[in-house]
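What follows is one structure encoded as structure tokens, with my remarks underneath.
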Amino acid sequence: MTGFRDRTAVVGVGYTPFSKDSGVSTLTLAVQAVLAALDDAGLTVEDVDGLATHRVGDSTPPWVVAPALGVPEVTWYLDQFGGGSVSHGVVAQAAMAVASGAARTVVCYRAINARSEFRMGGTGRAPAPVFDAQYQAPYGHFAPPQQFAMAARAHMNAYGTTHEQFGRVAVTQRANAAKNPRALKRDPITLDDYLASRWIAEPLRLLDCCLETDGACAVVVTSRERARDLRAAPVLISGAAWGGGDSYFSGAGSGAGGRTDLTVTEAARMAPRLYASAGVGPADIDVAELYDCFTYSVVVQLEDYGFCAKGEGGPFVESGATAPGGALPVNTHGGFLSEGYVHGVNHIAEAVAQLRGTAGNRQVSGAEVALSTAQPGFVLAGTSALILRRDA
Amino acid sequence: MSLDGRPRPGEDRDSAPWWKAVREHELLVQECGDCGRPRFPARAVCNRCRSLAWTWRRSRGTGRVYSWVVNHRAFLPGLADEVPYTVVLVRLDEGAEHDDDLLFYGDLVDFDAAELREGLPVEAVFTDVPGEPATTLVRWRPRR
């Protein structure tokens, strides 16, 4: 899919503050982030004709946000059901809408009170009534850390991946967050701190888990031509992919002999399509913002997006390759583990800052091409990702 | 340790017969009426031959542990008195025999989680859970 390569751009990013208790509605958060993103772009509400979001029954849809803002006319909107796995697909679909002419300026937002209102997987909220939950929930298995712990254990069994390697992800990202004024967690941690943190769903500890966060983040998508007339250096949406097919229960999975292999994510199947859409490969990526709902998801995506061989994600992290100055700096803002968790969109916003060259003392020198990814697809059978590029 | 606080399965119209059989202490899988492929969970179509014809077949109920999680946190208040609790993912033997993969979640009886390993042979047992509504859980114990 190369039909919209470099035809659209991200021209604005906006955030609310991140907290554990915003004290306001998701509508208020959405409106604040959308206005901040428009301001960053040098645009106004009058310029907006498209709005898009993803949610799982926990937020405010475009058809409420648009009239709240007084958007004159919405010509395209997307109210995508789904969690982090669809986050980058939402922006990709906005790019398609702009490239097709369905809309001229689309704001993609995610607004959640993920700590004070709707904690994912508990406590107290009943599991979602989805097709396969009935076979898991009676065993007390339904929360995201449990799902990822099952895959992490399989990876440890198959490849000898260690707790210390997961810990290196957490420690490195916390050091990155120390340079990010927006980050919720900025105090450095050591590997010993990591190893001393309490078990949540073994093999995952507290410091393996992202921060349940109240907040919103938004990005503005428009055409490349229009982007070139705007305030900031355009960041082109160079490639995108989304999709899926497998699940725990599909049978005939992607593993050896048709088995379901928990150590392989949907990203492994999607990555070739993604790279082809942008005409680049893993070696061209200067900085990667990899969906880090848990440390393990970083390790497995390093493999599945082709930065190292299958099973080598742990040693790759341990080598320092993903730290600042390494071959592939990862989650330069601290990621969901330390900056905050806005369900994918704050990864895109950080990639934009890196490509604009405005990331301050966490800037990756000379960054021209960035990968930003969604939840790699254990729980729902899909994922999505974007390749962004600094306009030449 | 009481199981009364366990979430009840949200049966759907495809799965109701499967849960009814579990309450009668039978483990069923579907079998495609055309290509003979077994499948679980219950669903309307074979994703290989796309046949809509199927029958229920009684499973031998033996498998091997693929992966597991030891939960140190109760994610629902009703599970608080069970912490720490282990959840296993079991690969049914019959799946492998049919070039397929039948995975079941479950918990362990008569076994210490510290001794878990990939490939551990297990067999299904049934535990009736009182309360409202009453249900039955498929659980797993080591085959000796």
Side-chain angles (χ1 to χ4, degrees), chain A residues 119-158 197-206 209 245-263, chain B residues 3 5-12 14-15 18-19 37-43 46-48 66-80 82-89 91 95-96 98-107 113 116-119 129 135-139:
Chain A
R119 300 184 71 178
M120 299 194 73
T123 48
R125 190 165 63 134
V130 294
F131 158 75
D132 53 3
Q134 62 186 297
Y135 307 105
Q136 304 171 50
Y139 305 103
H141 188 84
F142 49 83
Q146 301 174 302
Q147 307 274 7
F148 278 81
M150 192 69 85
R153 171 61 67 192
H155 201 276
M156 296 171 90
N157 288 341
S197 72
R198 69 178 188 271
W199 292 120
I200 300 295
E202 190 180 342
L204 299 183
R205 294 176 160 87
L206 179 68
C209 301
D246 253 335
S247 83
Y248 272 32
F249 291 125
S250 55
S254 52
R259 286 188 165 192
T260 297
D261 186 347
L262 294 188
T263 71
Chain B
L3 301 177
R6 295 290 186 95
R8 297 307 195 255
E11 295 181 13
D12 59 42
D14 293 329
S15 69
W18 188 85
W19 283 108
R37 180 186 176 219
R39 67 176 186 257
F40 173 83
R43 53 195 186 269
C46 172
N47 65 5
R48 282 200 196 159
Y66 174 33
S67 190
W68 65 93
V69 178
V70 182
N71 295 284
H72 294 257
R73 180 197 155 106
F75 290 90
L76 286 176
L79 295 163
E82 295 198 54
V83 170
Y85 65 93
T86 300
V87 178
V88 293
L89 191 60
R91 182 165 260 149
H98 289 81
D99 184 27
D100 208 317
D101 210 13
L102 300 172
L103 293 172
F104 285 76
Y105 286 85
D107 48 13
L116 268 172
R117 60 181 169 83
E118 187 176 356
V129 181
T135 189
T136 300
L137 296 178
V138 183
R139 311 173 90 194

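Letters go in sequence order (proteins before strands), and every chain restarts at 1.
- Ranked by heavy-atom pairs under 4.5 Å with chain A, the list B:Arg117, B:Glu11, B:His72, B:Glu118 is led by B:His72.
- Side chain of B:Ser67 to main chain of A:Met150: a donor-acceptor pair is present (N/O by atom type, distance under 3.5 Å, no hydrogens or angles).
- At least one side-chain heavy atom of B:Ser15 sits less than 4.5 Å from a side-chain heavy atom of A:Tyr135.
- Residues A:Tyr139 and B:Val69 fail the side-chain proximity criterion, which asks for heavy atoms closer than 4.5 Å.
- Listed here is the closest heavy atom pair of A:Thr260 and B:Asp101: N-OD2, 2.6 Å.
- Using a 4.5 Å heavy-atom cutoff, the side chains of A:Gln136 and B:Val87 are not in contact.
- Side-chain contact between A:Ile200 and B:Phe75 is present, with at least one heavy-atom pair separated by less than 4.5 Å.
- The backbone N or O of A:His141 sits nowhere less than 3.5 Å from a side-chain atom of B:Tyr105 that would complete a donor-acceptor pair.
- Once rounded to the nearest 0.5 Å, the distance linking CG of B:Leu116 with CG of A:Asn157 reads 9.5 Å.
- Across B:Thr135, B:Val138, B:Val88, the residue that shares the most heavy-atom pairs under 4.5 angstrom with chain A is B:Val138.
- A donor-acceptor pair is defined here as one N or O able to donate and one able to accept, closer than 3.5 Å; no such pair exists between the side chain of A:Arg153 and the backbone of B:Val70.
- Proximity of B:Tyr66 to A:Asp261: side-chain heavy atoms (C-beta onward) are separated by under 4.5 Å at one or more points.
- Residue contact with chain A, scored on non-hydrogen atoms closer than 4.5 Å, involves the backbone and the side chain of B:Leu137 alike.
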